[in-house]
Amino acid sequence: MIVFPRLTLPSAAASEMYRRAKHGIYTGTGSPENMKLIKHCTGYWFDSAMISVIIFTRDEGHHSMGIFKNPDYERCLHLSLSFRDLLTQKSIPKDREATKMWVNVFFSPDDQKKLWIESPKSDEGKLRDVWHYRMFCDEHWRGIIPRREVYTSEFTELGWKSFSELNDGAEAIMAGWGESK
């Protein structure tokens with residue numbers, strides 16, 4: 001985790017977050033390595049009224065681990081943003097201007113057209129109003145617009161199995177990909 005000194009330029013913070021993301025691949029599991037990587041890839045940036053909580057990772061395994069059928073969704077650059085009140089440290093709703101600033105420093109205008117933007121889904125994510133900005137990438141970590149939707153099997157290799165098939169049909173939830181009810 002990094003706490004950026006006051007007056008750190010957003011572009012400098014983004015550059016450091018990119019550098020940190022290159023230290024590992026997040027696979028969505030609750031392994032000690034993944035938890036250590038998430039902590040390493042988390043940053044706190046302060047302005048006069050709030051704290052931006054930034055998590056920036058390179059994610060891989062969406063297809064190979066059985067989540068999405070379409071292999072174009074295998075890997076992504078993943079920016080998670082939430083905000084806290086500077087004085088109380090309590091979560092506050094998404095700040096549109098700060099969000100726009102962060103998206104602009106993390107992604108070029110061309111790459112912004114490739115973003116998959118997702119609202120909070122988990123209970124904790126809803127409580128903290130954590131929004132996700134994913135740019136799916138090729139094997140060289142260059143941004144792409146995936147062909148078709150995530151569950152198309154048009155590009156799926158023979159023998160591919162879903163997460164539940166890989167786990168003998170048991171109701172199993174990968175950490176970071178959802179929660180059981």
Side-chain angles (χ1 to χ4, degrees), residues 1-28 34 37-62 67-68 70 72-138 140-150 176-179:
M1 166 180 36
I2 183 169
V3 177
F4 290 101
R6 290 196 189 273
L7 304 179
T8 299
L9 293 173
S11 58
S15 180
E16 174 61 15
M17 298 302 287
Y18 259 97
R19 188 187 71 75
R20 287 169 171 261
K22 290 180 181 177
H23 291 171
I25 301 292
Y26 181 72
T27 62
N34 268 323
L37 182 63
I38 286 291
K39 187 174 181 180
H40 181 69
C41 292
T42 299
Y44 295 88
W45 186 88
F46 299 80
D47 70 12
S48 60
M50 70 182 162
I51 304 166
S52 296
V53 181
I54 307 158
I55 303 173
F56 188 71
T57 56
R58 294 183 312 151
D59 297 1
E60 195 168 74
H62 298 91
I67 306 303
F68 296 142
N70 186 339
D72 287 1
Y73 292 86
E74 173 66 5
R75 69 191 53 79
C76 68
L77 295 176
H78 184 170
L79 172 65
S80 297
L81 291 174
S82 62
F83 303 95
R84 296 183 185 167
D85 180 87
L86 184 62
L87 297 176
T88 67
Q89 308 281 309
K90 291 184 179 180
S91 294
I92 58 174
K94 174 182 173 180
D95 183 284
R96 287 185 171 273
E97 289 303 312
T99 296
K100 184 177 179 181
M101 175 195 70
W102 287 119
V103 168
N104 284 335
V105 297
F106 274 91
F107 301 102
S108 72
D110 186 53
D111 284 344
Q112 288 176 33
K113 297 173 189 171
K114 301 169 187 167
L115 291 179
W116 175 348
I117 301 169
E118 188 174 32
S119 63
K121 300 295 181 224
S122 69
D123 290 340
E124 183 178 350
K126 289 175 185 175
L127 185 66
R128 296 175 190 242
D129 203 20
V130 181
W131 283 71
H132 305 274
Y133 303 83
R134 291 180 179 91
M135 182 176 68
F136 288 92
C137 298
D138 65 15
H140 303 289
W141 295 98
R142 294 179 300 226
I144 62 169
I145 296 176
R147 302 166 292 173
R148 313 260 193 281
E149 51 91 23
V150 296
W177 297 106
E179 55 192 37

Check your understanding: Do the charged groups of Arg19 and Glu16 touch, with an N to O distance under 4.0 Å?
Key ->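 Judged by the 4.0 Å cut-off on N to carboxylate O distance, Arg19 and Glu16 do form a salt bridge.
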Exercise for review: Go through the steps to decide whether Met135 and Leu79 satisfy the test side chain to side chain contact (heavy atoms under 4.5 Å, CB included), and finish with yes or no.
Suggested key: CA-CA 9 Å; Met135 182 176 68; Leu79 172 65; over 6 Å; no
So does [Y] get a backbone contact from the side chain of [X], meaning a donor-acceptor N/O pair under 3.5 Å?
X     : Y     : result
Thr99 : Asp95 : yes
Arg20 : His40 : yes
Glu60 : Arg75 : no

**Study point:** Distance-only polar pair, side chains of Asn34 and Thr27, donor-acceptor under 3.5 Å
**Key:** yes
Point to revise | Donor + acceptor pair across side chains of Thr57, Asp59 (<3.5 Å) | key: yes
I need the [X] [atom1] to [Y] [atom2] distance, nearest 0.5 Å.
X      : Y      : atom1 : atom2 : value
Met101 : Ser11  : CE    : OG    : 10.0 Å
Ser80  : Arg128 : OG    : CZ    : 12.0 Å
Ile38  : Met1   : CD1   : CE    : 13.0 Å
Ile92  : Phe83  : CD1   : CZ    : 7.5 Å

Could you tell me whether the side chain of [Y] reaches within less than 4.5 Å of the side chain of [X], counting heavy atoms only?
X     : Y      : result
Val3  : Phe46  : yes
Leu81 : Lys94  : no
Arg58 : Leu77  : yes
Ser82 : Asp129 : no

Mind listing the closest non-hydrogen atom pair of [X] and [Y] along with its distance?
X      : Y      : result
Lys121 : Lys126 : O-CE, 3.2 Å
Ala21  : Cys41  : CA-SG, 3.9 Å
Leu37  : Ile25  : CD2-C, 3.5 Å
Pro146 : Ile144 : CD-O, 3.6 Å
Lys114 : Gly143 : NZ-O, 3.4 Å

Point to revise | Identified side chain to side chain contact (heavy atoms under 4.5 Å, CB included) counterpart of Pro10 within the set Val105, Ile54, Asp47 | key: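 When side chain to side chain contact (heavy atoms under 4.5 Å, CB included) is applied between Pro10 and each of Val105, Ile54, Asp47, only Val105 qualifies.
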Exercise for review: Applying side chain to side chain donor-acceptor pair (under 3.5 Å) between Ser52 and each of Trp102, Trp45, Tyr44, report the one that passes.
Suggested key: Trp102
Exercise for review: Determine, stepwise, if the pair Phe106 / Phe56 fulfils ring-ring contact (aromatic ring centres under 6.0 Å, His included).
Suggested key: CA-CA 9 Å; Phe106 274 91; Phe56 188 71; 4.8 Å; yes
Practice item. Starting from the C-alpha separation in whole Å, work towards a yes-or-no answer on side chain to side chain contact (heavy atoms under 4.5 Å, CB included) for Ile117 and Trp131. Key: CA-CA 7 Å; Ile117 301 169; Trp131 283 71; 4.0 Å; yes
**Study point:** Within 6.0 angstrom of Gln89 CD, more than 12 heavy atoms from elsewhere
**Key:** yes
